[in-house]
Structures are given as C-alpha cells and as structure tokens.
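Note that the structure is predicted; figures quoted are calculated from it, not measured. Within every chain, numbering begins at 1; the chains are lettered A, B, ... in the order of the sequence lines, protein sequences first and strands thereafter.
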There are 2 protein chains.
Amino acid sequence: MPKKPDPDLTTRCADMLSAMGTEPRLRIMQLLLSAHPTGMIVGDIGSELDIPSSTLSHHLDKLKNEGLVKVRRDGTFLWYTANTDALKELLGFLFDECCSRNKAVKPEEVFQAGR
Amino acid sequence: MPKKPDPDLTTRCADMLSAMGTEPRLRIMQLLLSAHPTGMIVGDIGSELDIPSSTLSHHLDKLKNEGLVKVRRDGTFLWYTANTDALKELLGFLFDECCSRNKAVKPEEVFQAGR
DNA sequence: TCTGTGATTCTATACTTATAGAATCACAGA
DNA sequence: TCTGTGATTCTATAAGTATAGAATCACAGA
C-alpha cells in the first residue's frame, strides 16, 4: 500500500535538488564524496575546482543550509564533509518516487553491483 | 577501480537536478510517475496542481528540454509522461557518486525492499 | 599583541528564473 | 470553414541566483 506523499519531504527534497542543480555545487559534492569521510578544507576545494573564495563560500553556505554538507573547525581550517544522512533521505525519496508505486524504474537497472 | 568522472554526465545531471529542483516541477514529476506509463494531459496536471496554463507550459518545457519527460499528441491533447531512461541515468549517477568509491552511502540503507 | 593565513561577510552587478495574463496556434467536430 | 477546446507562445514584470573584488573576522604562532 503506497504511502501518502509527504509534502514537507517533497519541499525539502526540491530544495536539496536545487542546491545540487548547478555544476559548481554538484562538483563540490562529488569532491567531498570522493574525500569522504575525511572531507576537505575550503582552500583545497577552491584550488581543485578553481573557484574564487567568496564565490565558493556562498556555494558551501547554500549546501550547508540545505543540510547536504557538514562543517567542523580545526584551528583556522574549516573541514567540509558530505552529509550522508541528507543524501540517504534524498536518494530514498527519489527511489520511492521512481521505483515504488508504478515501478516506473527498476532498482536493478539503476544500481548495478559491478559499477 | 573507480571510473574517471565524466564531465558531460556531471553537467547533464546538474541540469536535470536543477529542473527537478523546484517544488512545482518536482510535483509534476511525482504526478507523472504516479500516472506512469499512461502519463497525463496538460489540463489535468494543471488542475491537479493548481498551476495556470502558461506557467505550467513553461515548467513542462523545461522538463522536456532536460529530457525528464516525453510528450505525445493525441488529437488536441498532449500526453506527458516521465522519461524513465533519463531518471535511470540520473539515479545511476547519484548512486555511483554516493555509493561507489568511498561508499559514503550504503545502497541497502537507501533502497529498502519493503518500502 | 602583532602578524599572517584561512575563511566569511559586505557590496555591487549581471544574469537567470518564475510567474501569469493576453494573444496565438493546433486540432476535431459540426 | 467556422467554432470551441487544449496548449503553447508572446509579453512583461518580479524575484531569485551567481559571481567576485574588497573588507572583515577567526585563529594560531611568534
């Protein structure tokens, strides 16, 4: 029996999708996931992706506001990490929408063990 | 051995995420997935979500441009359907990024058979 | 406490997106 | 071919987002 859609969850997921819906920010997420669970400091993200510090700071702020990243301070360094709980929520939502109900998408077509 | 990230795929996924990153358009996708594979005509989408026709038309155009929906004409009616191939690509990308490499997110935590 | 480095916030600007009424186009039935 | 309905395109405006230099804040080491 399919759950009634949760309006708050939909809103939250729309905001997360929007936050990841620009190339700079999606690349930031990629980078943080590839550096998971250690994370990265702002300067290294900026030099890796060639983004000016003030621009980068705004992107990180947006990702943080949507809960997609976490920050911890270590002296003068700020370590940013991907927030896996938020990503789980988002992926779970997308899977429910696409693979439950009418089974428009089959999970085994998306997640292939060998990939 | 992790694949080298595909820049074109990342760009395309950023655009798809952006297209689904507003509440009206995410709800349109939910609706089309719940009506899959039949799809829905524009008027019914608009009355269901209470969106004026010109606004709705722009949203559908955006989703179509990013490949997230397909259209077929039947007389005066346009039937919009979710494009499952695009959704598979997007979900696959997100899974690769989140669950491969450092396995930041575990697939079994996202997709639960019982849900 | 002074100095240098990491990072954010201030400020400004350009650009993109969202919204929606009015006009037009597309099609089918009389 | 005229008419009505479904849907898009035209037009305009409001709102939001992205970018980045300059100024400031935060912290640690001398």
Practice problem: Check the pair A:Glu23 / B:Thr10 against side-chain hydrogen bond (donor to acceptor under 3.5 Å, both in side chains), numbers first and verdict last. | Solution: CA-CA 7 Å; A:Glu23 205 172 323; B:Thr10 302; over 6 Å; no
Quiz item: So A:Val42 and A:Phe77, side chain to side chain contact (heavy atoms under 4.5 Å, CB included) or not? Walk me through it.
Solution: CA-CA 8 Å; A:Val42 176; A:Phe77 298 97; over 6 Å; no
Please tabulate, for side-chain N and O atoms in residues 48-63 of chain A, each donor-acceptor pair with protein atoms closer than 3.5 Å (sequence neighbours left out).
from    : atom 1 : to      : atom 2 : distance (Å)
A:His58 : ND1    : A:Ser54 : O      : 3.2
A:His59 : ND1    : A:Arg25 : NH1    : 3.1
A:Asp61 : OD2    : A:Asn65 : ND2    : 3.4

Practice problem: Take nucleotides 16-21 of chain C nucleotide by nucleotide from the 5' end and write B, S or -, depending on whether a protein heavy atom sits under 4.0 Å from the base, only from the sugar-phosphate, or from neither. | Solution: -SSBBB
Self-check item: Where protein sits on nucleotides 23-30 of chain D, one letter per nucleotide: B base, S sugar-phosphate only, - none, heavy atoms under 4.0 Å
Solution: ---SBS--
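At whole-Å resolution of the value, CG in A:Leu60 and P in C:dA7 are 10 Å apart. Note: CG (B:Asp15) to P (D:dT17) measures 17 Å, nearest angstrom. In this structure, CG of A:Leu26 is placed 18 Å from P of D:dT17, rounded to the nearest angstrom. When the P atom of D:dA18 is taken as reference, atom CD1 of A:Ile28 falls 11 Å away, rounded to whole Å. Atom CG in B:Leu78 sits roughly 6 Å away from atom C1' in D:dA7 (whole-Å rounding). The NZ-P distance, from A:Lys64 to C:dT9, rounds to 7 Å in whole Å.
Hydrophobic clustering, with ILVMFWY side chains joined whenever heavy atoms are under 4.5 angstrom apart, groups A:Leu9 together with B:Leu31. B:Ile45 and B:Val71 fall within a single hydrophobic cluster, where Ile, Leu, Val, Met, Phe, Trp and Tyr side chains are chained together by heavy-atom contacts under 4.5 Å.
Within residues 31-40 of chain A, no residue places a heavy atom under 4.0 Å from DNA chain D. Across residues 41-49 of chain A, A:Ile41, A:Val42, A:Gly43 each have a non-hydrogen atom less than 4.0 Å from an atom of DNA chain C (numbered order).
By the 4.5 Å heavy-atom criterion applied to side chains, A:Leu33 and A:Leu87 are counted as neighbours.
A search for side-chain contact (heavy atoms from CB on, under 4.5 Å) contacts involving B:Arg72 returns B:Trp79, B:Thr81, not counting sequence neighbours. Among residues two or more places apart in sequence or in another chain, the side chain to side chain donor-acceptor pair (under 3.5 Å) test is passed with A:Glu66 by none. Every side-chain contact (heavy atoms from CB on, under 4.5 Å) that B:Lys106 has, sequence neighbours left out, goes to B:Glu108, B:Glu109. Every residue two or more places apart in sequence or in another chain was checked for a side-chain contact (heavy atoms from CB on, under 4.5 Å) with B:Pro37, and none qualifies. Judged as a salt bridge (Lys or Arg N to Asp or Glu O under 4.0 Å), and not counting sequence neighbours, the contacts of A:Asp85 are A:Lys88. Partners of B:Ala86 under the side-chain contact (heavy atoms from CB on, under 4.5 Å) rule, at least two apart in sequence or in another chain, are B:Met16, B:Leu68, B:Asn83.
Looking at B:Ser47, its side chain does come within 3.5 Å of a backbone N or O of B:Asp44 through a donor-acceptor pair. Within the 3.5 Å criterion, the main-chain N or O of B:Glu97 finds no donor-acceptor partner in the side chain of B:Ser100.
Across every non-hydrogen atom of B:Arg12 and B:Glu89, the tightest pair is NH2-OE2, 2.6 Å.
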Practice problem: Could you summarise the pairing of DNA chain D as dot-bracket text, marking Watson-Crick and G-U pairs under 3.5 Å with ( ) or [ ] inside the strand and | across strands? | Solution: ||||||||||||||||||||||||||||||
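Rounded to the nearest 0.5 angstrom, A:Ile28 CD1 and A:Met40 CE are separated by 10.0 Å.
Not one side-chain nitrogen or oxygen of B:Tyr80 sits closer than 4.0 Å to the OP1 or OP2 atom of D:dG6.
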